[in-house]
Amino acid sequence: MNGVHDMGGQQGMGPIQYEKNEPVFHAPWEGRVYAFNRTLGAWRKWNLDASRHGVELLPPADYFRMSYYERWLTRLINISISTGLLTREEVESGKPAPGTAKATPPITIANVEAAAIIRASARRPDAVVARFAVGQKVRARNMNPVGHTRLPRYARAKSGVIDRDHGVFLFPDTTAHFLGEKPQHVYSVRFSARELWGEEAKPQDGIYLDLFDDYLEPA
Amino acid sequence: MNGVHDMGGQQGMGPIQYEKNEPVFHAPWEGRVYAFNRTLGAWRKWNLDASRHGVELLPPADYFRMSYYERWLTRLINISISTGLLTREEVESGKPAPGTAKATPPITIANVEAAAIIRASARRPDAVVARFAVGQKVRARNMNPVGHTRLPRYARAKSGVIDRDHGVFLFPDTTAHFLGEKPQHVYSVRFSARELWGEEAKPQDGIYLDLFDDYLEPA
Amino acid sequence: MDTTRRGFLASTVAASGVAVTQNVAHGADDHAHDHQALPSDPVLRVKSLESLLVEKGLVDPAALDAVVETYERKVGPRNGARVVARAWVDPAYKSRLLADGRSALKEFGYGGATGEDTLVVENTPRLHNLVVCTLCSCYPWPLLGLPPVWYKSAPYRSRAVIDPRGVLREFGVTLADDVEVRVWDSTAELRYLVLPERPTGSENMSEEALAALVTRDAMVGVAQVALPQKGAQL
Amino acid sequence: MDTTRRGFLASTVAASGVAVTQNVAHGADDHAHDHQALPSDPVLRVKSLESLLVEKGLVDPAALDAVVETYERKVGPRNGARVVARAWVDPAYKSRLLADGRSALKEFGYGGATGEDTLVVENTPRLHNLVVCTLCSCYPWPLLGLPPVWYKSAPYRSRAVIDPRGVLREFGVTLADDVEVRVWDSTAELRYLVLPERPTGSENMSEEALAALVTRDAMVGVAQVALPQKGAQL
């Protein structure tokens with residue numbers, strides 16, 4: 001999705017606001033929101049990519065207005081409702097729907113370390129053939145899917161070189177929409193800054209993106 | 001400026017909201033804001049391109065939150081202050097600074113038709129040589145100026161064909177920053193939808209942009 | 001009122017790059033959100049600004065009234081519709097209009113603000129034109145008046161160039177797969193007017209009656225012109 | 001409270017595509033802005049949500065406490081700093097770290113959430129590395145803890161890839177024109193840690209003392225590591 005979340009290369013966002021001695025959470029509610037997000041996934045109603053896409057789906061005005069954890073809170077509520085973990089009425093009232101049996105949390109204090117803090121890897125053991133080799137020149141496809149993708153707009157139709165093959169990972173574009181994991185190779189691709197941004201960039205500078213096999217074509 | 005105003009090709013902005021029998025202005029204040037914008041330019045403190053850039057400079061959160069005429073109101077106040085037509089204190093208090101002599105408006109009911117409603121053209125009589133000819137293949141430059149430009153991001157580094165030479169106009173990129181008019185040719189350039197958006201676009205479809213000589217290079 | 005002014009100035013200041021409204025580190029009490037407050041009552045703000053401008057002698061309120069009156073009552077899509085109807089009934093005029101819009105529009109006295117360089121693009125059974133301004137909201141004011149909110153909105157501006165067929169479907173226009181779509185992104189001081197297809201069955205209608213059929217939307221390219229009995233138009 | 005809930009749900013609904021918050025045609029009374037209201041007090045909303053989740057048996061509050069406690073007290077930049085100091089004093093470890101970050105980090109017991117595939121990239125006098133996530137805010141949690149607000153913010157995410165030298169200047173780091181800059185945009189499930197240059201004059205320092213010099217910012221690539229007497233670090 002060509003959304004406002006895809007920020008690489010944008011200008012006019014203002015100066016970087018640095019906070020000295022920044023706390024991990026600025027208020028207790030931020031910590032709770034973070035913890036909800038880390039533990040509710042264990043219900044396996046959604047996955048990390050679907051969750052990320054939930055932030056991308058926020059209307060741009062909300063995306064820019066909200067703080068980081070406000071976005072997380074909103075996407076969590078949205079995905080909880082859309083996947084049936086909660087109902088809208090429950091969220092509105094703060095009370096379980098009448099007659100709901102109390103469930104047992106899959107993550108408790110007993111297993112939280114192993115089950116939530118150590119997250120499952122997106123790496124897959126599948127023996128998928130790599131379509132590209134280190135050193136090969138490639139072009140990022142000019143694709144504009146309306147769904148989730150991890151190919152930023154600024155790299156599309158640009159040429160680069162395979163710098164490293166990271167191995168096989170699940171594919172976010174399908175995983176986010178519950179369409180299967182489609183495991184495939186991820187490569188570190190080096191794009192020269194000039195290829196991406198034109199002649200004003202320094203000739204020696206480079207931007208490295210981790211790109212999936214399906215994002216690439218031979219250059 | 002690669003800002004959020006440069007919307008071509010974005011997704012996730014929601015459905016188009018159509019209003020039947022829409023009034024010209026939804027409230028009297030919108031009409032006043034429009035009229036301020038059309039008449040205050042006669043003080044020659046700024047120009048159309050600087051004024052457009054004023055909207056682009058709004059922080060993204062404000063750009064998306066505000067209605068169209070709220071943006072116009074904000075940019076008008078900003079540019080009035082930055083060019084010295086008004087002071088911040090005057091805007092804040094709603095009162096002229098003490099001791100200010102009352103001016104005479106350059107646009108009155110007597111000349112409003114000729115002076116404001118018929119706006120000056122951006123066309124220039126200069127005999128500037130055209131760098132490109134109709135039918136010629138060109139490439140939009142991969143340029144990323146931090147200031148005002150009318151070359152949208154979605155066309156940069158893309159190839160098209162000169163469809164028509166519109167003649168000589170002032171150059172917004174310099175005019176907006178009061179750096180001179182730099183008159184030059186403007187061309188209608190046809191880009192195939194596939195060149196811009198990839199293989200999913202229909203092969204016969206085209207997007208036409210009016211682009212300045214300085215935006216183009218031979219393909 | 002004080003809050004109002006503060007919120008208002010915050011936004012003014014932010015636009016000059018002094019402050020940002022996004023992701024600013026905020027304290028535990030979360031009061032830092034104040035600066036994101038909605039620009040409160042624009043009615044009051046505009047009233048205050050107008051009184052300042054008048055008191056300083058920077059504007060003539062009667063001239064402001066005249067500008068508003070012009071776009072509320074005089075200049076609107078009826079202008080463009082008359083041009084379209086004339087082109088439909090007068091092939092010589094149509095040729096002039098397509099070849100040199102500026103001169104042909106002057107025959108009607110249309111020109112001036114953003115209209116002096118209007119190009120007219122013709123729809124045919126094989127070709128559909130659509131007009132947009134992705135960067136702001138450029139629009140042929142003298143021919144169509146001021147643009148509707150949807151034309152100025154992010155959903156239209158963003159999608160018209162990447163998904164014109166989807167946009168047209170949203171407006172109820174479904175094009176055959178082999179029709180050519182041309183999108184005109186108004187990136188410079190040229191303005192565009194679509195000359196829609198004349199509806200079949202309108203052969204015996206007068207120029208005036210034809211003009212009454214032509215809608216703003218058809219001249220932007222998001223609608224087709226229909227005969228009245230064929231159903232309500234948008 | 002009622003307004004609170006309405007604003008909150010409006011935002012929820014909008015995210016599912018049912019409503020849009022932008023440029024919605026609004027009536028003369030301008031009340032349509034209601035739906036853009038700030039998500040009011042998040043404290044109350046989160047409290048209400050937690051009580052719902054607990055009452056439904058969907059979460060264990062003690063597990064939530066443990067997650068918060070982990071990132072507030074246990075996992076943070078000191079983890080990464082220990083790795084950097086070890087690499088500075090132990091050339092064999094440094095070789096392993098740069099060749100296979102995953103295994104070398106396991107020697108410290110670091111891994112897990114988003115850390116199982118961390119790559120370590122080395123700064124030299126000729127090469128400067130900078131880490132960003134333009135699409136969201138990916139960050140090596142097990143090594144650096146949770147990212148600061150600026151790392152997650154639009155100004156950093158937007159500019160790090162197009163103007164890394166300008167961003168670095170804003171952080172007080174000025175690079176020579178002929179240094180190579182490498183920006184690592186974390187677009188997949190790989191995470192990046194910068195191995196900063198060891199400051200000159202630190203030859204006699206212990207591994208522990210070196211670790212104390214290494215800042216979070218240096219491991220993201222927006223700062224260099226300095227000796228304490230050379231001035232305060234960010």
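Per chain, numbering begins at 1; letters A, B, ... match sequence-line order.
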Trainee: Tell me, side chain or backbone of B/Gln10 under 4.5 Å from chain A's heavy atoms, or both, or neither?
Mentor: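 Its backbone and side chain both get close to chain A.
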
Trainee: Between the main-chain N or O of B/Gly3 and the side-chain N or O of A/Gln11, is there a donor-acceptor pair closer than 3.5 Å?
Mentor: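 Flag not set: sc A/Gln11 to bb B/Gly3 has no pair under 3.5 Å.
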
Trainee: Quick check for you: to the nearest 0.5 Å, what is the distance between A/Tyr154 atom OH and B/Arg156 atom CZ?
Mentor: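 Nearest 0.5 Å value for the OH-CZ distance: 15.5 Å.
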
Trainee: From A/Arg153 CZ over to B/Asn2 CG, what is the distance, rounded to the nearest 0.5 angstrom?
Mentor: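 It is 10.5 Å, given to the nearest 0.5 Å.
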
Trainee: Should B/Asp62 and A/Phe64 be marked as a side-chain contact (heavy atoms from CB on, under 4.5 Å) after you check the CA-CA gap, both sets of side-chain angles, and the distance that decides it?
Mentor: CA-CA 9 Å; B/Asp62 292 339; A/Phe64 280 110; over 6 Å; no

Trainee: With chain A as the partner chain, list the residues of residues 170-196 of chain B whose heavy atoms fall under 4.5 Å from it, by residue number, and write 'none' if nothing qualifies.
Mentor: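 Interface residues of residues 170-196 of chain B: B/Arg194, B/Glu195, B/Leu196.
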
Trainee: Can you establish whether the number of heavy atoms outside A/Glu217 located under 6.0 Å from its atom CD is more than 12?
Mentor: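 Above 12, so yes.
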
Trainee: Please output the residues of residues 133-152 of chain A in contact with chain B, using a heavy-atom cutoff of under 4.5 Å, in numerical order.
Mentor: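 Hits under 4.5 Å: A/Asn142, A/Asn144, A/Pro145, A/Val146.
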
Trainee: Heavy atoms only: give me the nearest B/Met13-A/Pro60 pair and the separation to one decimal.
Mentor: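 Closest approach of B/Met13 to A/Pro60: SD-CG, 3.4 Å.
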
